[in-house]
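For reference, the structure is listed below as C-alpha cells.
Order of appearance sets the numbers: ligands from 1, and atoms from 1 within every ligand.
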Amino acid sequence: MAIRKLFTNARIYTPFDQGSPRSGKDQGVLRIFENGALLVENGIILSVGDEQKVRQDAINLEIHEEVDCCGRCMVPGFVDPHTHICFAANREEEFSMRLSGVPYLEILENGGGILSSVRSLREMDAAALFDITRENVLSALSFGTTTIEIKTGYGLDTESELKMLDVIQRIRRETPLDVAVTFMGAHAVPLEYKGEEEAFVDFLVEEMLPVVASKKIADFCDVFCEKGVFSIDQSRRILQKARELGMGIKIHADEVHDLGGAGLAAELEAISAEHLLAASKTNLAKMAEKGTIAVLLPCTAYSLKKPFADARNMIDLGLPVAVATDCNPGSCFCESMPFVFGLSVMHMNMSVEETLVASTLNAAYAIGKNKVAGSLQEGKKGDFLLLQGKSPAIFAYHAGVSPVKERYVRGERISF
Ligand code: NIG
Ligand code: FE
C-alpha cells in the first residue's frame with residue numbers, strides 16, 4: 001500500500017536539477033517557495049512547490065499524515081561527497097604537533113599521520129570499527145548529512161581494506177544514510193613497502209584493485225596524488241586500471257603542492273578532483289573544459305591553517321563546485337556540514353545560494369547520487385532538513401551551532 005505524507009507551511013529552498021551539475025553563473029540558481037509544501041509517497045517525492053499546487057496534485061489521493069512545518073525553512077539533506085570517516089582512533093597528539101609547527105606531510109614521512117591510522121585500524125576488529133564509524137556517521141546525520149561518501153585507505157593491505165569495505169557496507173545497510181563507497185588503497189605507501197613504492201603500485205594494480213572490483217563493493221577509486229605520496233604517473237596508472245575495472249575515478253589533487261593532479265583529473269575525465277588548494281589556473285581551466293567537479297574542503301584548509309581554495313576563480317572559470325567535510329582523524333576532524341557551509345560563505349566568498357547548491361546538488365553529482373538526492377524534486381528521495389531560521393543563510397549567520405532542527409530521510413523523521 002502506498003503511504004503518503006504531506007508536509008505543509010514550509011519555506012522551501014532547493015536547487016533545481018536540470019540533468020547536470022550547476023556551474024558558473026548558474027551555480028547559485030535555486031527554487032524558492034515561500035509557502036511551500038512537499039508530498040512524499042513511500043519515501044519518494046511526488047510533488048513539491050507552492051502549497052496550493054501541491055494540494056491540487058494531492059486532491060484525489062489519500063494522505064496518511066499531514067505535518068505542519070510551522071513556517072520553517074526546508075532544504076534538501078546535505079550530501080557530504082568526501083569523507084574518511086571510517087577510522088579506528090583519533091590523532092590528537094599529532095594535532096598538537098601540527099599546532100607547534102610540524103608540517104602535515106612531515107608527520108606522514110616519519111611514519112605518523114595516515115600511517116598511524118593504518119596501525120590502529122589493522123589492530124581493530126570489524127565490530128569495534130563499525131561501532132566507532134557508526135557513531136561518527138550518526139553525528140554527521142545529526143548535523144544534517146543524509147547522503148555521505150566514505151573512503152577506505154587506512155588498511156592498505158587486502159585484508160584490512162576489505163575489512164573497511166565491509167564496515168562501510170554495514171553502515172550503508174544499518175544506518176538511515178545513503179552511502180557512496182570509494183576505494184582508496186592509494187592513500188599512502190604502507191611501511192612494509194617503504195622504499196619500494198613502485199612495487200606497492202604494482203600490488204595495487206595487479207592484486208588489490210581486481211579483488212575489490214570483483215566484489216562490486218566500491219563505486220569509486222581515489223588516489224592521494226601528492227609530493228612524497230603518489231606521483232602523477234603512479235596515480236594515472238592506478239586510476240586507469242580502476243576505470244578499466246568499471247569504477248568511477250576521483251583524485252586528491254594539489255592539496256599541498258601543485259603536482260598537476262587537477263590536470264590529470266581533466267585528462268582522465270575523472271568525475272571530480274578534490275582539495276585543489278594549490279592547483280594552477282591552467283589545470284583548473286582544463287577541468288572546466290571537461291566539466292570535472294571541484295570538491296572543495298574548506299575545513300581542511302582551516303585545520304591545516306592553509307589559504308582557502310579560490311572558489312570564486314573556479315566558479316568564474318565555469319567549474320561546478322561542491323563542498324565536503326573531508327572528515328578524517330588527521331587533516332580535518334569535522335563531520336559538520338553547517339560548519340563547512342559557514343566557512344564556504346565567510347572564507348571562500350561563495351554566496352549562500354552557491355553554497356547550498358555546492359553542498360547538495362553538485363555534491364550529489366560528485367558521487368553519482370544525483371538521481372536520488374541533492375534537490376527536492378519529483379522522483380528523488382524525501383530527504384530534507386527543517387531549519388531554525390528563515391533561509392539557508394542561517395548556516396553562516398548563526399556561527400558555531402547547528403540550525404538543523406529536524407531531519408527526514410525518505411519522509412521519515414529521524415530522532416536522536
Ligand atoms: O584528504 N590527504 C589525504 N587524505 C586526507 C587526510 C587523511 C588523514 O590525515 O588521515 C585528506 O586530507
Ligand atoms: Fe580527503
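For the ring pair (Phe, Tyr, Trp, His ring centres under 6.0 Å) condition, no pair includes a residue of residues 19-44, sequence neighbours left out. Here ring pair (Phe, Tyr, Trp, His ring centres under 6.0 Å) pairs that include residues 92-133, with residues two or more places apart or in two chains, number zero.
Relative ring orientation between Phe203 and Tyr193 is described as parallel, the plane-to-plane angle staying below 30° on a 0-90° scale split at 30° and 60°. Between Tyr154 and Phe87, the ring planes lie perpendicular to each other; the angle is over 60°, past the 30° to 60° tilted range.
For the Fe ion (ligand 2), the set of protein N/O/S atoms nearer than 2.8 Å consists of His82 NE2, His84 NE2, His252 NE2, Asp326 OD1, ordered by chain and number.
Between the side chain of Thr14 and the main chain of Leu376, a donor-acceptor pair closer than 3.5 Å is present. Remark: the backbone N or O of Leu259 is paired with a side-chain donor or acceptor of Asp254 at under 3.5 angstrom. Put simply, the side chain of Gln388 never gets that close to the backbone of Lys405: no donor and acceptor are under 3.5 Å apart.
The only option from Asp326, Asp222, Asn328, Thr152 that meets the side-chain hydrogen bond (donor to acceptor under 3.5 Å, both in side chains) definition with His84 turns out to be Asp326.
In this model, a donor atom of one side chain and an acceptor atom of the other lie less than 3.5 Å apart for Ser272 and Lys250.
Within 4.0 Å of ligand 1, the residues that place a heavy atom are His82, His84, Arg91, Tyr104, Ile114, Tyr154, His187, Phe224, His252, Glu255, His275, Asp326, Asn328, Gly330, Ser331, listed by chain and number.
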